[in-house]
Amino acid sequence: MVEPDALSVTREGYDTAASTYAQLFRDTLRDSPLDRAILDVFAEFVRASGNVQVADVGCGPGHITTHLDESGLAAFGVDASPAMIELAQQAYPGLRFEVGSMAALDIADGALGGVLSRWSIIHTPPEELPVTLAEFHRVLAPGGHLLLGFSATDDASHPTQVFDHAVAPAYRWAPDHLAALLRTSGLAEVARMVREPQPTDRRQFQEVHLLARTSGTEADRPGV
């Protein structure tokens, strides 16, 4: 018997949960000033680079993609779940959304000024994450920026920890370990934002955003 791969399990889970997910998370930014702030910082860095093409990878129902668009970026969404993409297209018909895999994006080398990945790498098995980070680097232009959002571990001796998730198997990451993986992929950390869990939060995990940047010259890209 062939075991289903992580991407298939994640896709099927989010296809099933798409409508519920869209209803629950559509307005999350309204009550999340810290999330809005880090997204706006990301947008400012991308605009300053001169290349405003941005992929929201793991875009779900598209609510964050439209925030990026309203921030002056040429944002489009990519998600493994066809049901999520259909909801995004219905809700935001003026934006581009397409089905795709984080590990094999249908985007030309060096085409983007920015990549956003909010809580999408949490479903990537640890052994597969370097491939995804390398793919993010591949599609970024020199001087481009990546913003990663993820749930953090509280034990530095365990770089990753499995946690319960209603949709698909999920992992927490030690921020320093993830920053090291980014460096290996050619992305240097610029800043990080750490949000402590609130007493009312169901999961008592830190939430972390890592902002990273590629080198500023084409000659520094791997393989060049």
Side-chain angles (χ1 to χ4, degrees), residues 5-19 21-22 25-26 28-29 35 38-39 42-43 45-46 49 51-125 128-141 144-150 165 167-168 170-171 178 182 185-187 209-212 214:
D5 60 68
L7 178 60
S8 297
V9 171
T10 302
R11 178 190 297 117
E12 292 170 7
Y14 278 101
D15 277 347
T16 300
S19 295
Y21 186 96
F25 294 100
R26 180 179 292 120
T28 51
L29 285 183
D35 282 11
I38 194 63
L39 287 170
F42 169 69
F45 272 101
V46 173
S49 77
N51 180 348
V52 296
Q53 297 292 321
V54 171
D56 178 7
V57 181
C59 65
H63 55 298
I64 305 298
T65 317
T66 192
H67 180 84
L68 296 178
D69 177 73
E70 291 167 355
S71 300
L73 303 178
F76 63 96
V78 180
D79 201 281
S81 165
M84 284 291 195
I85 291 299
E86 183 176 357
L87 288 174
Q89 291 170 337
Q90 292 171 355
Y92 310 106
L95 297 180
R96 169 185 157 202
F97 296 96
E98 58 192 42
V99 177
S101 165
M102 293 191 299
L105 295 166
D106 187 17
I107 300 170
D109 293 0
L112 303 180
V115 171
L116 174 67
S117 172
R118 277 174 53 91
W119 276 264
S120 50
I121 65 164
I122 65 169
H123 298 300
T124 302
E128 297 178 15
L129 186 60
V131 173
T132 296
L133 297 181
E135 184 70 350
F136 291 165
H137 182 273
R138 180 188 67 80
V139 300
L140 282 168
H145 286 81
L146 168 68
L147 181 61
L148 286 179
F150 57 96
H165 193 285
V167 177
Y171 305 86
L178 194 45
L182 287 171
S185 300
L187 290 148
H209 284 84
L210 279 179
L211 179 65
T214 67

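This structure is a prediction, so every number in the text was calculated from the model and none was measured.
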Pairing residues for Phe45 by the ring pair (Phe, Tyr, Trp, His ring centres under 6.0 Å) criterion, not counting sequence neighbours:
His145

For Arg11, the salt bridge (Lys or Arg N to Asp or Glu O under 4.0 Å) test, sequence neighbours excluded, returns none

Rounded distance (nearest 0.5 Å) linking atom CG of Leu140 with atom OG of Ser185:
11.0 Å

What's the shortest heavy-atom distance between Ala141 and Thr214, and which atoms?
O-OG1, 2.9 Å

Minimum heavy-atom separation for Thr66 to Leu95, with atom names?
CA-CD1, 3.7 Å

Please tell me if the side chains of Val115 and Leu105 come closer than 4.5 Å, counting only heavy atoms from C-beta onward.
no

Are any non-hydrogen side-chain atoms of Asp106 and Val78 less than 4.5 angstrom apart?
no

With sequence neighbours excluded, give me every side chain to side chain donor-acceptor pair (under 3.5 Å) pair touching residues 68-82.
Asp15-Ser81

Shortest non-hydrogen contact from Leu87 to Ser19?
CD1-N, 3.8 Å

Pairs in or reaching into residues 51-60: which pass side chain to side chain donor-acceptor pair (under 3.5 Å), with residues at least two apart or in two chains?
Asp56-Thr65

Hey, what's the ring geometry for Phe97 with Tyr92, parallel, tilted or perpendicular (30° and 60° as the breaks)?
tilted

Could you note down all residue pairs passing salt bridge (charged side-chain N to carboxylate O under 4.0 Å, His left out) where residues 83-98 supplies at least one of them, sequence neighbours left out?
Arg96-Glu98

Any Leu39 side-chain heavy atom under 4.5 Å of Leu29 side chain:
yes

Rounded to the nearest 0.5 Å, what separates atom CG in Leu211 from atom CG in Leu146?
8.0 Å

Which atom names give the shortest non-hydrogen contact between Ile85 and Cys59, and what distance separates them?
CD1-SG, 3.8 Å

Quick check for you: to the nearest 0.5 Å, what is the distance between Leu133 atom CG and Leu148 atom CG?
6.5 Å

Non-hydrogen atoms of Ala103 and Thr132 that approach each other most closely
CB-OG1, 4.0 Å

Report yes if some heavy atom in the side chain of Ile107 is under 4.5 Å from a heavy atom in the side chain of Phe76; otherwise report no.
yes

Taking the side chain as every heavy atom from C-beta outward, state whether Leu182 and Phe136 have any atom pair closer than 4.5 Å.
no

Are any of the side-chain heavy atoms of Val131 and Thr124 separated by less than 4.5 Å?
no

Hey, does Tyr171 have a side-chain heavy atom less than 4.5 Å from the side chain of Leu129?
no

Pairs in or reaching into residues 110-122: which pass salt bridge (charged side-chain N to carboxylate O under 4.0 Å, His left out), with residues at least two apart or in two chains?
Asp35-Arg118

Which distance, rounded to the nearest 0.5 Å, do you find between the OG of Ser120 and the CE of Met102?
4.5 Å

